[in-house]
Amino acid sequence: MHEASLALELLKITQGVLAEHGGSRILRVKVAVGELSAVEPELLRYAWEAVTLESPAQGSVLEVEFFPARQVCPTCGPVQRSPGSWLPLCVSCGAPLRVEGGDELDLLEVEFDVNGEKS
Amino acid sequence: MSQTADVRMQILEANRKAAEALRRRFSQEKTLVVNLISSPGAGKTTLLEATVARLAGKLRTAVLVGDIATERDADRIRRLGLPAYQILTGGACHLDARQVEGALARAGFGALDMLFIENVGNLICPTSYDLGEDFKVVLLSLTEGDDKPFKYPAIFTKASVAVLTKVDLQNIVDFDVEAVETQIRTLNPQAQVFRVSAKTGEGMEAWCRTLELALAAKRA
Ligand SMILES: Nc1nc2c(ncn2[C@@H]2O[C@H](COP(=O)(O)OP(=O)(O)OP(=O)(O)O)[C@@H](O)[C@H]2O)c(=O)[nH]1
Ligand SMILES: [Mg+2]
Ligand SMILES: [Zn+2]
């Protein structure tokens, strides 16, 4: 359950972004969460709702973009897979596969109100 | 009027910076640092007791151990006459780099060859936090079931060493060791996998040799 710690970090960073741009209220925050980031998007959304209460981000939307990991064959390239299932070997040539990507845990965008007006 | 700022940074940027500072320091001090991660009770402290006891006399080791409460684990290491420091996280399910930095300042270990960091018992949360270690070790005990690597893939992709613990129980529990090793290699083809029993000593030599080789490589 480190989603609460992550949401707190996110609030700190986004408040910094808000101050830097002279914004008044955070409306939407977009994050990237990879399949191998050890983060549950749904739990992160709940945590965001909780930590933003009484803050300039209260009521804001946390948009989570999910990034699956890729399994890559050294000769045939990326193989088809669905999140959560893992192929033991390349379906075309039988070679062992590398796992790439899917560890994203990034802040991408912050949308905010300027001049205290509603959008 | 609304405006959108493109940010693109890690959510754990602050931890990443603290971890990089630790990594530079460990590299200057030439201390090998290992971050041990497993679910509660997989045998982290028991493996460390056996490991530091074996290395004592040869190498200067110390253990930092994170738990939500109690000094029990650090006490177990100190009972061997070896240095240990307990980090109490007060509820947090993982260690972060700042806690390690603070604990090192208070522990006063002096010069070390190897520092072992026993993370809070949890197979998920510690995965996200870099502690400046040379590598992560994931432990999986035979009593946890042989489906765990695919159920908790994140830590198995990030740990360069996997230790299957309590292998003395192999005839008691249904645990397909080969199947688990296949899952681990699928997630991380480079991973080194050890079968260890801290109780009987099986596999301890190979595990300790790997640590010593890693230390030698860091000092080369
Ligand atoms: N049979 C057997 N039991 C073991 C072995 N290693 C550990 N145990 C037992 O497993 C239990 C948990 O071991 P610990 O070393 O305390 O586990 P831990 O991972 O440090 O636990 P937490 O710090 O609470 O997460 C203890 O009762 C140990 O005696 C082993 O190799 N064989
Ligand atoms: Mg322990
Ligand atoms: Zn192929």
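Within every chain, numbering begins at 1; the chains are lettered A, B, ... in the order of the sequence lines, protein sequences first and strands thereafter. Reckoned from all heavy atoms, side chains included, excluding hydrogens, waters and symmetry mates.
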Given a strict heavy-atom distance threshold of 4.5 Å, which part of Pro189(B) is in contact with chain A: side chain, backbone, both, or neither? side chain
Between Glu109(A) and Thr4(B), does the side chain to side chain donor-acceptor pair (under 3.5 Å) criterion hold? Intermediate values first, please. CA-CA 7 Å; Glu109(A) 289 175 14; Thr4(B) 300; 5.2 Å; no
Is the closest side-chain heavy-atom distance between Pro153(B) and Leu36(A) below 4.5 Å? yes
Val17(A) portion near chain B, given a 4.5 angstrom heavy-atom threshold: side chain
Can you tell me which portion of Tyr129(B) sits under 4.5 Å from chain A's heavy atoms? Options are side chain, backbone, both or neither. side chain
For Lys151(B), which atoms come within 4.5 Å of any heavy atom of chain A: side chain, backbone, both, or neither? neither
Taking atom CZ of Arg185(B) and atom CG of Leu97(A), what is their separation to the nearest 0.5 Å? 15.0 Å
More than 12 heavy atoms of other residues, nucleotides or ligands under 6.0 Å from CD of Glu205(B): is that the case? no
Is it the case that atom CD in Glu54(A) sees more than 12 heavy atoms from other parts of the structure closer than 6.0 Å? no
Heavy-atom side-chain contact between Gln3(B) and His21(A) under 4.5 Å: yes
Would you mind reporting whether Val31(A) and Ile11(B) have side-chain heavy atoms less than 4.5 Å apart? yes
Under 4.5 Å to a heavy atom of chain B? For Leu18(A) that would be neither
Which atoms of Gln71(A) are under 4.5 Å from chain B, going by heavy atoms: the side chain, the backbone, both sets, or neither? side chain
Ser128(B) and Ala38(A) have their tightest heavy-atom pair at OG-CB, 3.9 Å
So, do Leu107(A) and Gln10(B) sit near enough that their side-chain heavy atoms are less than 4.5 Å apart? no
Rounded to the nearest 0.5 Å, what's the gap from NE2 on His2(A) to OG1 on Thr127(B)? Could you check? 7.0 Å
Decide yes or no for Arg8(B) and Leu108(A): does some side-chain heavy atom of the first lie under 4.5 Å from some side-chain heavy atom of the second? yes
Leu12(B) and Leu6(A), any side-chain heavy atoms less than 4.5 Å apart: yes
Side-chain contact, heavy-atom cut-off 4.5 Å: Gln183(B) with Pro88(A)? no
What's the separation between atom OG1 in Thr157(B) and atom CH2 in Trp86(A), rounded to the nearest 0.5 Å? 7.0 Å
Can you give me the closest heavy-atom contact between Val99(A) and Thr186(B), atom names plus distance? CG2-O, 3.6 Å
Approximate separation, where rounding is to 0.5 Å, of Ser2(B) OG and Ile26(A) CD1: 12.5 Å
